[in-house]
There are 2 protein chains.
Amino acid sequence: MTTVKLGTQVRQEQIARAALGLLATHGLQGLNIKRVAQRIGMVPSAIYRHFKSKEEILDAVLGLIEERLVGNVQAVCEESADSLERLRLLLMHHIQLIRENEAVPRVVFSEEVGFGDPAKKSRLYGIISRYLQEVEEILRRGQKEGAIRAELDPATVAVMFLGLIQPAAILWHVSSGRFDVTRQASKAWEIFREAIRTR
Amino acid sequence: MTTVKLGTQVRQEQIARAALGLLATHGLQGLNIKRVAQRIGMVPSAIYRHFKSKEEILDAVLGLIEERLVGNVQAVCEESADSLERLRLLLMHHIQLIRENEAVPRVVFSEEVGFGDPAKKSRLYGIISRYLQEVEEILRRGQKEGAIRAELDPATVAVMFLGLIQPAAILWHVSSGRFDVTRQASKAWEIFREAIRTR
DNA sequence: TCCTCATGTGAATGGTCATTCACATCAAAC
DNA sequence: GTTTGATGTGAATGACCATTCACATGAGGA
């Protein structure tokens, strides 16, 4: 066996990424240590040099997901200063995220994660809340600038914003890619934009 | 042991219901034959007198879910003849469904079901599609009657309609009931209504 | 160069779970 | 009342899987 040795930091990164990738192709059900190990050319037991348990790996995956979601928001804010445009871009980035890594929305929104321990459930809640707050921030700013209707509740609209993508992502998955997410998102966005912008 | 015997038809119904209930409390991960059997006072092996496999039970659960979703649409259509009102009622019924049986939206929209065999995935797709078509039908009728803006694509709007509830349901779950679904749905509905109705 | 410790390996352990089977028991037809 | 077939039971089987452990090995400091 070609025993290659790498530092724990590198391995942890590899393992978390591998797990995230496996979630996309096999779901939470099909995620096991053996597969994770295979994916990075290790033996199952070696995984335990870098993570205490499978649960801990799941935690790392959640971290990875949080990172990407927050990254999307930041990227979008740098790409444009216009509130409505930021939201549109965020929508598109989110779709891109789904395309590249199907697992992100699945894990975040599947609820399956964190049935066992309440800790994971609240961790998930934290991640979603944080994302929602970022969206709300964009909305509030748009209201202050007069681009978005001031009488709308940012919290409500932020959740609605999530609703623009999520059902579409699921349809995409269960239809085995036949359902056109991008098209749905574009058309839904127009309706949504007209609903929230000032007239 | 108090051996009570019942017909297969009755047992199948009991088993499917028990499984659906367990999905709500334990998720797909925690759904096993032992628990299902316990819930209806049987021994695990007895389950196999009425279902060939666990997969087959899952199929029955999907049937149950489809039944309830379609039932909601029918009920709503009997309650009101007005398109917008029908949609509002459907939204509320859906929330009621979530409250009574958390598992319905979870199973339908979690994507975890049907990772193994493609058959289950397309079954799920069928169920969602059917529900969407019913919503589209209501929308088209509203357009014909002039209550809903004619230039909107019913298919797009129907998916958006799903998006009004789904993220809220998930937030409700991961927040352990702290997030107020009903409030979110009501407020989101108003915004949605204004977006689709004729002005 | 050698030591040492972090990292990797293969085998073993213990648990869970779906499924099967030989046997028991009830209910209904005769 | 007896027979028969459907339904229920407890034990057993085999698979899968997370985790552990004794041992091996490589990389970097001494």
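In this text, all values refer to a predicted model and were calculated from it rather than measured experimentally. All chains are named by letter (A, B, ...) in the order of the sequence lines, taking the proteins before the strands, and each is independently numbered beginning at 1. Side chains included, hydrogens not; waters and symmetry mates left out as well; all remaining heavy atoms used.
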Would you check if B/I148 and B/I138 make a side-chain contact, meaning some heavy-atom pair closer than 4.5 Å?
no

Angle by which the axis turns from one end of the helix from C/dT1-D/dA30 to C/dC30-D/dG1 to the other, five pairs per end, to 10 degrees:
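It comes to 0° between the two terminal axes.
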
Check: residues 169-177 of chain B side-chain donor-acceptor pairs under 3.5 Å, at least two apart:
from: B/H173; atom 1: ND1; to: A/E111; atom 2: OE1; distance (Å): 3.2
from: B/H173; atom 1: NE2; to: B/R106; atom 2: NH2; distance (Å): 3.3
from: B/S175; atom 1: OG; to: B/L171; atom 2: O; distance (Å): 2.8
from: B/S175; atom 1: OG; to: B/W172; atom 2: O; distance (Å): 3.1
from: B/S175; atom 1: OG; to: B/R178; atom 2: N; distance (Å): 3.2
from: B/S175; atom 1: OG; to: B/F179; atom 2: N; distance (Å): 2.9

If you look only at pairs with a residue in residues 54-84 of chain B, which of them pass as a ring-ring contact (aromatic ring centres under 6.0 Å, His included), with sequence neighbours excluded?
none

Write out all pairs satisfying ring-ring contact (aromatic ring centres under 6.0 Å, His included) with one or both partners inside residues 117-150 of chain A, taking only residues at least two apart or from two chains.
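ring-ring contact (aromatic ring centres under 6.0 Å, His included) check on residues 117-150 of chain A returns A/H94-A/Y131.
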
Without placing hydrogens or testing angles, list every side-chain donor-acceptor pair under 3.5 Å for residues 29-48 of chain B, not counting sequence neighbours.
from: B/N32; atom 1: OD1; to: B/K34; atom 2: N; distance (Å): 3.4
from: B/N32; atom 1: OD1; to: B/R35; atom 2: N; distance (Å): 2.8
from: B/R35; atom 1: NE; to: B/G30; atom 2: O; distance (Å): 2.9
from: B/R35; atom 1: NH2; to: B/G30; atom 2: O; distance (Å): 3.1

In short, salt bridge (charged side-chain N to carboxylate O under 4.0 Å, His left out) pairs touching residues 163-172 of chain B with sequence neighbours left out are none

Please list all pairs passing the salt bridge (charged side-chain N to carboxylate O under 4.0 Å, His left out) test where one or both residues lie in residues 142-166 of chain B, with sequence neighbours left out.
A/K187-B/D153, B/R141-B/E145, B/R149-B/E151

B/S122 meets the side chain to side chain donor-acceptor pair (under 3.5 Å) criterion, sequence neighbours left out, with none

Ignoring hydrogens and angles, state whether a donor on the side chain of A/H50 or A/Q14 is under 3.5 Å from an acceptor on the partner side chain.
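No - no donor-acceptor pair under 3.5 Å links their side chains.
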
Identify each donor-acceptor pair in which a side-chain atom of residues 60-78 of chain A lies under 3.5 Å from a protein atom, sequence neighbours left out, and give them as a table.
from: A/E66; atom 1: OE2; to: A/R130; atom 2: NH1; distance (Å): 3.2

Listed in order of residue number, which residues of residues 45-63 of chain A have a non-hydrogen atom at under 4.0 Å from DNA chain D?
A/S45, A/Y48, A/R49, A/S53, A/K54

Within residues 11-20 of chain A, the residues having a heavy atom closer than 4.0 Å to DNA chain D are none

Hey, is B/R199 close enough to B/E194 for a salt bridge, meaning N to O under 4.0 Å?
no

Any donor and acceptor pair, going by atom type alone, linking the side chain of A/E136 with main-chain N or O of A/P154 inside 3.5 Å?
no

Mind calculating the distance between CE (B/M42) and P (D/dG10) to the nearest angstrom?
12 Å

Taking DNA chain C as the partner, which of residues 26-39 of chain B come within under 4.0 angstrom of it by heavy atom?
B/L31, B/N32, B/I33

